[in-house]
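Quick note: numbers below take in every heavy atom, side chains included, and nothing from hydrogens, waters or symmetry partners.
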Amino acid sequence: MAGQDTASVSDILKRYYEGGIRELIPQDVKALKKFEDRDASEWGGDGVHYPIRIGRNQGVGYTAEMGSIPPAGRQRYAKVEIPMRFMHGRGQFSTQAMKASQGAKAAFAPVMEQEMDGLIRDMSADRGRVIFGDGRGVLALVNGDPGTGTTVTVDSPGGFAGAINGSRFLNQDALITFVVPATGALVASADETVSAVPAAGTTFTASTAVAAAIADNDYVVRCNKVAVTDVSDTSYAKEAMGLAGLIDDGTYVATLHGVNRTTYPLFSSTVIATVGALSADVLQRGIDLAEQRGGGSIDTIIGHQSTRRAYMLLMDDGRRYMGTDLRSPDAGTKAAKGGTLTFGGIEFMTDKYAPYGTLFGCDTTSWRRYVEVAGEFMNEDGSILQRLGSGSTAQDGFEFIYRIWDNFHVEEPNTCFRLDGITTTVVVAHID
Amino acid sequence: METISPFAVQGTHMFTLVDRALTGGAEIIVDGQRIVFRPGEVEKVVSRALIEWLYQVEQQMVWTVDGAYVQRFAVKDPSPDLIATVGPEVADCSPIELDTTRIERSNTTGFARSSAPITIPVNVPIRELRDRQAAGSHIVGA
């Protein structure tokens, strides 16, 4: 006769569950917090409008005794118009799932709380990407004609030129579609659900064969409805303005909040393109130009972790180890434990959503976040949870909608600078 | 609603942009639009708005082997009005040779690292370390 072992007594063994749900999705949106930590500026009517002075009175000059006095000049102004941007998120659950998950004995966490709190966190994460964008909402560019298969090759993550990790901002289950860059028109019948994002970072898999009309360099953008026919039902050109547009010279946004940067170059930031190897000189040049052009005083430099490594590499040759450390050598810097590096005392901040090979030199004193709705569940009728369907379509479940209505602005873009095309070593890592 | 960039609009105010490097293989990004010069493509018809913008920014400034820092692109037969707006250099379509040895393409004479990379050997025998110290070296392993 065989004795008892754990297999034969498995029917009487309980299962021990430890603690709650482990959060594996990092929730760190540092650049976004730079804006959100500031006092919200009020918004109302049809948008925020304010004038900017963009030219001096040139009716000045030294004169001879009884000589001519310069002709009258005038100040030159332009008008800034900041539109509101509307972000919505929606979730739903069945009543069975809600009831079955109530109480610690029944579930690790109640479905209702998980879904509703999770939606807010997930919207915040998407805004972490948006804050680095240019308002167009480009997740990636199509790389080559994908034909009519289900695999789409992409590059330029977030719309920033680059061959590496094009699918960085694409996630499984996301509803996306394609936009023609030159016209802003929707590619017909092209909305797809992302079914997989391979780790190589160069492709994504669509749930069905993609439309033949999709072409090289088309924008991949979020889509708000299945079978979309109107580009207004996508996120294209509806996202809040991010740093790529705010700290820009027209490369990404030629007209920022109503002000044409060709007509009014003062509303441009200094952009040093194709930097190549990062150097202390080019960083200081950006800082100097921001001071000369706008009186800026850079207080934060923001970039991706890979760009910070390029910055650290810059100092490698010059680093020496103290004698006392030789018995316990440490090749790292305080960045290894999440500490903040500096350049001349200026905070060097990293953000996983930042574009590769780019640094933003920021004077944050003129950064503004205009807010109409800081964040709330739709509740005008007194009910956050809405029943699903009615009459013959009624279902025993609920849905909820969360909204954030705001926009970001930099009043003095010429106080900031941007370095593009910095040589970095990027490790392909997906952004969840 | 479609949003059409003024840089992409085809109209009467169009000019022929010339790649003075005569190589093509370049990309101008303006207002989020990509104007691609494929390898070997040295001319492209573009809008006046693009040219006015291009001559205000540093995006396509390049170093030549002659040590000049110039706009890579110029305009074939620009109108007097365009020349008056952006400057006479817009009409200079003379060929240039890019200096590809520059570390940066921006307006610096180049960036040199302060010293050559240092190799720090590991597991150096103590006797050898002493020998080095005796030789007057200040930095162990240097």
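- Of residues 133-143 of chain A, those residues with a non-hydrogen atom less than 4.5 Å from any non-hydrogen atom of chain B are, in numerical order, A/R136, A/L141.
- If you measure heavy-atom distances from A/F160 to chain B, the contacts under 4.5 Å come from the backbone alone.
- Applying the ring-ring contact (aromatic ring centres under 6.0 Å, His included) rule to pairs touching residues 257-294 of chain A yields A/H257-A/H409, sequence neighbours excluded.
- In B/E97, the CD atom is not crowded: 12 or fewer heavy atoms of neighbouring residues, nucleotides or ligands sit closer than 6.0 Å.
- Closest of all the heavy-atom pairs between A/A161 and B/R34 is N-NH2, 3.1 Å.
- At least one side-chain heavy atom of A/T251 sits under 4.5 Å from a side-chain heavy atom of B/W53.
- In this structure, B/E58 and A/I272 have side chains that are in contact, with non-hydrogen atoms separated by less than 4.5 Å.
- B/Q56 contributes a side-chain N or O that, together with a main-chain N or O of A/T262, makes up a donor-acceptor pair within less than 3.5 Å.
- Between A/Y252 and B/D31, every side-chain heavy-atom pair lies at or beyond the 4.5 Å cut-off.
- There is no contact between A/S268 and chain B, counting heavy-atom distances below 4.5 Å.
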